[in-house]
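Atoms within a ligand are numbered from 1 in the order they appear, just like the ligands themselves.
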Amino acid sequence: MDYIKQNLERIKANLPEQVTLVAVSKTKPIADIKEAYDGGQRVFGENKIQEMVSKYDALPKDIEWHMIGHLQRNKVKYMAHFVHLIHGVDSLKTLKEIDKQAKKHGRIIHCLLQARIAKEETKFGLPFDEIRDILSSEEYKTLSNISVIGLMGMATFTNDSSIIDGEFASLKQLFEELKIHNSTFKTLSMGMSGDYNIAIKNGSTMIRVGSSIFGVRNYIT
Ligand SMILES: *Cc1c(COP(=O)(O)O)cnc(C)c1O
């Protein structure tokens, strides 16, 4: 037992200071999250809004909840009162909905735009040019209850680390380009259990790690 705490310790021991670890607890029971919490972990990621809401309700309120999954716009309202960071924003329409719901709670919700870096058709995310367009649009500038603080990306699922390395490098380059004109930019969310070391080498400031902490998931999500 206590393998969750041990996994956390092992991962954190090798993380550079500027890298935030998001413990991805999707599909895992409250007891597992509690074990990580007792080991000092306070930042957790979920990919389904309902699941995150019920875990938020059941667990201590000093946890930072990150939504890392693909967003259904009509469900944003259920997490608007507590979500700490939304990683997977991939349209201006969704940003507008987050802004609207944040306003109702008098909050400013931090968001990341998800960039498409993998070649796989199945992966979500915006082409680089669409990210540039959103950030320079007039409409974006009127959204006062969101703050886009950076980018998120997922690399191709492959054993070829040179492909992953190239994809993360391209995201880092876009991040640096956008940072020049976007003073809020500070977070680059890239890296999962299988590739976070490559991501960190390429300048990641936030990694999202699930199975290396909690063990394999019972079903694919
Ligand atoms: C599930 C998930 C992760 C964590 O994946 P692991 O391989 O278990 O570390 C990270 N990011 C996103 C967007 C996910 O959906």
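When atom types are taken as modelled, the side chain of K12 and the backbone of R10 share no donor-acceptor pair closer than 3.5 angstrom.
With a 4.0 Å heavy-atom cut-off, ligand 1 is reached by the side chain of K26 but not by its N, CA, C or O.
For the pair N47 and ligand 1, the shortest N or O to N or O distance does not fall below 3.5 Å. Of the N or O atoms in S211, one or more lie within a sub-3.5 Å distance of an N or O in ligand 1.
Partners of K141 under the salt bridge (charged side-chain N to carboxylate O under 4.0 Å, His left out) rule, at least two apart in sequence or in another chain, are E138. Remark: K75 pairs with Q72 by the side chain to side chain donor-acceptor pair (under 3.5 Å) rule, at least two apart or across chains.
Taking a cut-off of under 4.0 Å to the non-hydrogen atoms of G210, the atoms of ligand 1 that pass are 4 (C), 6 (P), 8 (O), 9 (O). Near M154, meaning under 4.0 Å from one of its heavy atoms, ligand 1 places the atoms 13 (C). For ligand 1, the atoms sitting less than 4.0 Å from at least one non-hydrogen atom of V209 are 9 (O), numbered in the order shown with element in parentheses. Close approach of ligand 1 to R208 is summarised as follows: ligand atoms under 4.0 Å from at least one heavy atom of the residue are 4 (C), 9 (O), 10 (C), 11 (N), 12 (C), 13 (C).
In this structure, K61 forms a cation-pi arrangement with Y56, its terminal cationic atom sitting closer than 6.0 Å to the ring centre and no more than 45° off the ring axis.
Taking 4.0 Å as the cut-off, R217 counts as a neighbour of ligand 1 on heavy-atom distance.
A donor atom on one side chain and an acceptor atom on the other are found under 3.5 Å apart for H87 and H66. Side-chain N/O atoms of E177 and Q173 include no donor and acceptor closer than 3.5 Å.
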